[in-house]
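Keep in mind that this is a model prediction, so the values were computed, not measured. Quick note: numbers below take in every heavy atom, side chains included, and nothing from hydrogens, waters or symmetry partners.
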There are 2 protein chains.
Amino acid sequence: MQTVHASSISQPAPAILLRSVPLPRPSQDTVALGATRTVAKDEEIFAEGDRPAFFYKVVTGAVRTYKLLSDGRRQIDAFHLPGDIFGLEPGEEHRFTAEALGDTTVVLYRHCNLGALALDGGELSRQIVTAMMRSLEHAQNHMLLLGRKNALEKVATFLLAMSKRVSNDEQVDLPMSRLDIADHLGLTIETVSRSLTQLERKGVIDLPTHRSIVLRDKEALGQLDS
Amino acid sequence: MQTVHASSISQPAPAILLRSVPLPRPSQDTVALGATRTVAKDEEIFAEGDRPAFFYKVVTGAVRTYKLLSDGRRQIDAFHLPGDIFGLEPGEEHRFTAEALGDTTVVLYRHCNLGALALDGGELSRQIVTAMMRSLEHAQNHMLLLGRKNALEKVATFLLAMSKRVSNDEQVDLPMSRLDIADHLGLTIETVSRSLTQLERKGVIDLPTHRSIVLRDKEALGQLDS
DNA sequence: CGATGTTTTGAAAGACTTCAAGACAGGTGG
DNA sequence: CCACCTGTCTTGAAGTCTTTCAAAACATCG
């Protein structure tokens, strides 16, 4: 599963590309049709408070969704990888801001009334209900992490989860920065860095580059995961 | 909205009462029928890992749902008050344990396959989808609280939310202990207590009894809420 | 190869927790 | 009806973990 890293930060944000052609790039397991959109690194896909016109499925790259407090503190609720659906909203506004982690492409789906959609009995509604459930499950597990785990446990849990999602392999290529990780785990960037260093010193992980991590001892990580 | 406090802890737990009569106590806004069950203070309604046979609606009293880490650290994901639906599960097991905060009565609904249920287009499925969405929304807001707010902000947010839910009044009668609050907010009982004391000293709240709180300055609380 | 943004590391400060004890409240029994 | 008893809550002091502030190391990009 490929992740698109930031190839360039100075690259001008491509104009929003919204083809109304019904079948621009049918992803293998998608029933309903949607247009695609390419999004540059750090570009916004939608903002908290926007009226939801679409929801999205990641094709390539990755996306963060987050909330802000009035003073700028940020909580990233989730990272969305290829295949993931995000931006589903029960109500009349988006409750998160969504931004691309690196250059990313997403498929758009028209966002009719979600209640109705979920009830129409079709295959897409099935996917939608499933996506919501997954989202709920993730949120609930994450509350346990945020409320009750210490820094090392948070980082270990995160690494294992990412490894399961991107490769199920020893090697994990992270699509996000330390700051993103920190804001996802309720820590500071320094604490994330120190935790990683600590795990490396114990021989649990290797850090060949900043964005790639080798899980040498998943057992040990699992122990920290609880 | 009344909350049933523990009237007695030595009272023997009433045997689980499961009437199979279709219409034991039709609550005003309920379409599907269910049996009722009375639950004593601290009695378990279902446990994490159980196969979900029912989901529930609180009639009187209140319920906590929580997860545990292997060493006993607890995260209460939500408190459920009269009218609230809880125990809905996407999968084959409950992901929380549910216990009564005080003596409580709940209505039971048979827990068929949730995916199917949510898709059958009926009124109950509408309620179910709505309950899931609310649950998701709450979880997402709570992640921001757990990950990014400090103790005083957490407590202020909690008090305002409870006030909106139980009375929308100055006076809030809490159905839960300080320990429950702490485990909901990702704090210790001592920190919760100190935060309340601090708010009281500033004149923002009054604490006439341990279980009742008067919100004297919602403005100030709102400021802390962000 | 230089420039810029990201990551790591160090030292000090701060917030929350832990441990311990005392105050309070509600329920029970005399 | 009062006093006691038990569990809950508050308060204090010390300790720990995480944050903050600061600077150096590292990577990436042009």
Spacing between B/K41 atom NZ and D/dG7 atom P, to the nearest angstrom:
12 Å
Residue met sooner reading DNA chain D from 5', once A/T209 and A/E190 are mapped to nucleotides:
A/E190
Have a look at A/L196 and say if it touches a base, only the backbone sugar-phosphate, or nothing, with a 4.0 Å heavy-atom cut-off.
nothing
Starting at the 5' end of DNA chain C, which residue's closest nucleotide do you reach first, A/S193 or B/A151?
A/S193
Heavy atoms under 4.0 Å, any strand shown: does A/T191 hit a base, just sugar-phosphate, or nothing?
base
Determine, for B/D225 against B/K149, whether the closest basic-nitrogen to carboxylate-oxygen distance falls under 4.0 angstrom.
yes
B/I189 CD1 to D/dG7 C1': how many Å, rounded?
11 Å
From the candidates D/dT10, D/dT19, C/dT18, the one with an atom nearest any side-chain atom of B/T197 is D/dT10
Protein-nucleotide distance (A/L146, atom CG; D/dT18, atom P), rounded to Å
13 Å
Going by atom types alone, do B/T105 and B/T60 pair a side-chain donor with an acceptor below 3.5 Å?
yes
Once you round it to whole Å, what is the distance between P of D/dA25 and NE2 of A/H210?
13 Å
Is the distance from OP1 or OP2 of D/dT8 to the nearest side-chain N or O of B/S177 less than 4.0 Å?
no
Expressed in angstrom and rounded to an integer, what is the separation of B/L174 atom CG from D/dT8 atom C1'?
14 Å
Between B/R194 and D/dT11, is there a contact of a side-chain N or O with OP1 or OP2 at under 4.0 Å?
no
Find the distance B/Q198:CD to D/dT11:C1' and express it as a whole number of Å.
13 Å
Answer yes if the ring centres of B/F54 and B/Y109 are under 6.0 angstrom apart, and no otherwise.
no
Rounded distance in Å - CD1 (B/I181) to C1' (D/dT8)
12 Å
Closest-nucleotide ordering on DNA chain D, the 5'-leading residue of A/V192 and B/R178
B/R178
Among D/dC9, D/dT19, C/dC16, the one nearest B/N150 by side-chain distance:
C/dC16
Taking the six-membered ring for Trp and the single ring otherwise, decide whether the centroids of A/F96 and A/F46 are under 6.0 Å apart.
no
In this structure, how many angstroms lie between the P atom of D/dC9 and the CE atom of B/M176, rounded?
11 Å
Of A/R64, A/K57, A/R165, the residue whose pairing with A/D84 passes salt bridge (Lys or Arg N to Asp or Glu O under 4.0 Å)
A/R165
